[in-house]
Colleague: 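Pasting in a structure now, in structure tokens, and then I'll have a few things to ask.
A note on names: the letters A, B, ... follow the listed sequences, proteins ahead of strands, and every chain is numbered from 1.
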There are 2 protein chains.
Amino acid sequence: MADGMALTARRKRLPPEARREQIVDAAVCYFAEVGLAGTTRDLAKRAGITQALLYQYFGSKAELLEAVFARVYLDRMSPRWPGLITDRSRSLRERMLTFYAEYTGAIFSYEWLRIFMAAGLAGEALNRRYLDHVRDVLLAPLLEEIRFAARPDAQPEMEDLWNLHGGIIYLGIRRHIYHLPTPDDVMPVIERAVDRFLAGFAIGH
Amino acid sequence: MADGMALTARRKRLPPEARREQIVDAAVCYFAEVGLAGTTRDLAKRAGITQALLYQYFGSKAELLEAVFARVYLDRMSPRWPGLITDRSRSLRERMLTFYAEYTGAIFSYEWLRIFMAAGLAGEALNRRYLDHVRDVLLAPLLEEIRFAARPDAQPEMEDLWNLHGGIIYLGIRRHIYHLPTPDDVMPVIERAVDRFLAGFAIGH
DNA sequence: TCTTTAATTGGTCAAATGATCAACGACGGG
DNA sequence: CCCGTCGTTGATCATTTGACCAATTAAAGA
């Protein structure tokens with residue numbers, strides 16, 4: 001019946017840039033779901049193109065995965081965060097809550113968490129570079145701010161900050177890696193965690 | 001020269017149970033390193049046996065992986081922990097520190113963490129069952145204990161406990177999944193985290 | 001020592017997979 | 001309306017991989 005309609009949908013011609021975008025989009029979704037060992041054929045089928053076309057835009061599967069990594073990580077690290085963290089015109093608590101609201105808003109996605117974890121297991125250097133960046137650009141300044149606000153006899157270490165950070169990230173891991181039920185709104189949990197953390201270093205609101 | 005010696009080493013005949021054990025041991029190590037998509041041939045090579053021999057002991061790769069999961073998870077959940085957690089003759093802080101010392105001692109291994117994470121990504125139901133067990137048998141009783149000790153106006157929720165738990169587990173993830181440097185001794189970090197947590201609910205030592 | 005048992009192996013098959021290429025055909029320019 | 005460009009496709013190749021089986025041989029019992 002609708003045969004004519006369905007058949008006319010085949011062989012759509014796209015400008016290279018648009019096609020490339022479409023492939024990377026589909027690849028992000030596909031590899032997040034089935035893991036980095038997913039096949040180029042399944043990916044092509046899901047993207048509605050032929051497998052051969054993938055190799056028109058990417059020289060190899062590894063090259064395609066590079067594009068996937070770039071897409072997933074790029075622009076998910078807001079350049080505003082370092083400035084936000086060190087803005088002493090706002091209370092430290094307020095800064096931390098705003099930061100973690102935006103940060104979890106950026107990375108608590110099915111695609112990001114699963115591809116990041118898969119890349120970690122695969123030994124991709126990308127993860128270490130990313131987390132080094134998190135430590136140097138976000139956590140280190142934040143540690144400075146907390147130390148500045150904390151009593152001299154209760155100074156936190158970087159490991160304490162990783163502990164706070166990990167407790168928050170673990171929420172996303174439970175949700176997207178293990179498929180366990182988690183609160184729809186993560187902010188109340190994060191708020192309490194930040195409050196406990198700051199109180200632990202004798203920092204009031 | 002040493003040819004005779006080297007050649008006599010080939011084709012060692014083992015009793016089935018011992019050979020099976022050896023295969024599972026090698027498989028745990030191998031799959032933890034390369035991921036669950038590792039090949040039976042590489043595994044066999046590493047185990048010093050032929051690939052065909054794997055199929056003498058396991059009907060399929062999936063069945064072998066089942067044995068790997070069983071090996072990794074079995075007996076890593078001590079039956080002593082529930083009793084330890086609810087033993088009110090000891091201080092809550094002491095119980096929590098003892099528990100997390102033993103718990104991290106049990107699961108902070110390269111093999112456990114990586115296979116557990118890979119299984120989670122692969123969608124194995126095992127992970128959910130394991131974490132449900134952790135919640136029901138360990139965290140739920142622990143939550144009861146903390147609520148008992150906490151002030152009525154500062155009662156923790158399960159999500160707060162997951163937050164503490166996650167912050168601790170994240171240490172192992174950084175170490176074994178992301179290969180990032182972490183403290184050799186995790187207990188000082190855990191001790192401070194537990195202390196902040198308890199203080200947050202107005203529980204003294 | 002001889003026989004029997006079964007643990008182990010080399011060889012092989014079928015399917016899956018990454019990668020390649022000649023040919024097709026949709027689109028824009030003349 | 002025709003033509004040339006190039007995005008796209010179907011077919012195909014070389015490996016890899018899970019799985020299987022007949023032949024081999026180490027080890028135990030008579």
Colleague: Do any side-chain nitrogens or oxygens of B:Y55 fall under 4.0 Å of OP1 or OP2 in D:dA19?
Modeller: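 Yes, B:Y55 has a side-chain N/O under 4.0 Å of OP1/OP2 on D:dA19.
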Colleague: Considering only C:dT9, D:dT9, D:dT17, which nucleotide approaches the side chain of B:T39 most closely?
Modeller: D:dT17
Colleague: Rounding to an integer number of Å, can you tell me how far B:D42 CG sits from D:dT15 P?
Modeller: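 Rounded to whole Å, this separation is 17 Å.
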Colleague: Taking CZ from B:R20 and P from C:dT8, how many angstroms apart are they, rounded to a whole number?
Modeller: 13 Å
Colleague: Using a cut-off of 4.0 Å on non-hydrogen atoms, how would the nucleic acid contact of A:G38 be classed: base, sugar-phosphate, or nothing?
Modeller: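 Here A:G38 touches the backbone only, sparing every base.
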Colleague: Do B:H133 and B:Y73 make the cut of ring centroids closer than 6.0 angstrom?
Modeller: no
Colleague: Please determine, for the side chain of B:L14, which listed nucleotide (D:dT8, C:dT8, C:dG18) has the closest atom?
Modeller: C:dT8
Colleague: Taking atom C1' of D:dT17 as reference, at what distance in whole Å does atom CG of B:L64 sit?
Modeller: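 Rounded to whole Å, this separation is 14 Å.
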Colleague: Report each atom pair, protein N/O against N/O of nucleotides 4-6 of chain C, whose distance is under 3.5 angstrom.
Modeller:
{"from": "C:dA6", "atom 1": "N3", "to": "B:R13", "atom 2": "NH2", "distance (Å)": "3.2"}

Colleague: Kindly compute the distance separating CE (A:M77) from CG (A:L138), expressed to the nearest 0.5 Å.
Modeller: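 If I round to the nearest 0.5 Å, the distance is 5.0 Å.
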Colleague: Is the backbone N or O of A:Q155 less than 3.5 Å from a side-chain atom of A:R147, with the two atoms forming a donor-acceptor pair by type?
Modeller: no
Colleague: Do NZ/NE/NH1/NH2 and the carboxylate oxygens of B:R129 and B:D132 come within less than 4.0 Å?
Modeller: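 Not counted as a salt bridge, because no side-chain N and carboxylate O are separated by less than 4.0 Å.
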Colleague: Nearest whole angstrom, please: distance from the C1' of C:dT8 to the CD of B:Q22.
Modeller: 12 Å
Colleague: Any idea which of C:dC21, C:dT9, C:dG18 is nearest the B:I49 side chain?
Modeller: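 Shortest atom-to-atom distance from the side chain points to C:dT9.
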Colleague: B:W162 vs B:H165 aromatic rings, parallel, tilted or perpendicular, using cut-offs 30° and 60°?
Modeller: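 Aromatic pair B:W162/B:H165 classed perpendicular.
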Colleague: To the nearest Å, give me how far apart NZ (B:K45) and P (C:dG10) are.
Modeller: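 Taking atom P of C:dG10 as the reference, NZ of B:K45 is at 13 Å.
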Colleague: Taking only the side-chain nitrogens and oxygens of B:Y57, find out if one of them lies under 4.0 Å from OP1 or OP2 of C:dT8.
Modeller: yes
Colleague: If the helix axis at each end comes from five base pairs, how far does the helix from C:dT1-D:dA30 to C:dG30-D:dC1 deviate from straight, to 10°?
Modeller: 0°
Colleague: Could you work out which one of C:dT9, D:dA19, D:dG10 sits closest to the side chain of B:Q51?
Modeller: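 The closest nucleotide is D:dA19.
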Colleague: To the nearest Å, give me how far apart CZ (A:F31) and C1' (C:dG18) are.
Modeller: 12 Å
Colleague: Return the set of residues passing side chain to side chain donor-acceptor pair (under 3.5 Å) with A:E191 (not counting sequence neighbours), or none when no residue passes.
Modeller: A:R93
Colleague: Using salt bridge (charged side-chain N to carboxylate O under 4.0 Å, His left out), reason through B:E159 and A:R192 one step at a time and then give a plain yes or no.
Modeller: CA-CA 10 Å; B:E159 274 303 319; A:R192 295 199 296 273; over 6 Å; no
Colleague: Could you check how far CG of A:L53 sits from C1' of D:dT8, rounded to whole Å?
Modeller: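 To the nearest whole Å, that distance equals 6 Å.
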Colleague: Let me know the distance between CZ of A:F58 and P of D:dG7, rounded to the nearest Å.
Modeller: 14 Å
Colleague: Would you say B:T40 reaches D:dG18's phosphate, i.e. side-chain N/O to OP1/OP2 under 4.0 Å?
Modeller: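 Checking B:T40 against D:dG18: at least one side-chain N or O falls below 4.0 Å of OP1 or OP2.
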Colleague: If I compare all heavy atoms of B:L64 with all of B:F31, which pair ends up nearest, and what's the gap?
Modeller: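 B:L64 and B:F31 have their closest heavy atoms at CD2-CE1, 4.2 Å.
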Colleague: Say whether, by atom type as modelled, one donor and one acceptor occur between the side chain of A:R95 and the main chain of A:I85 under 3.5 angstrom.
Modeller: yes
Colleague: Just to confirm, is there a sub-4.0 Å distance from OP1 or OP2 of C:dA7 to any side-chain nitrogen or oxygen of B:R19?
Modeller: no
Colleague: Any donor-acceptor pair under 3.5 Å between the side chain of B:R41 and the base of D:dG18?
Modeller: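 Present.
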Colleague: Quick check on the 6.0 Å ring-centre criterion: do B:Y100 and B:F108 meet it?
Modeller: no
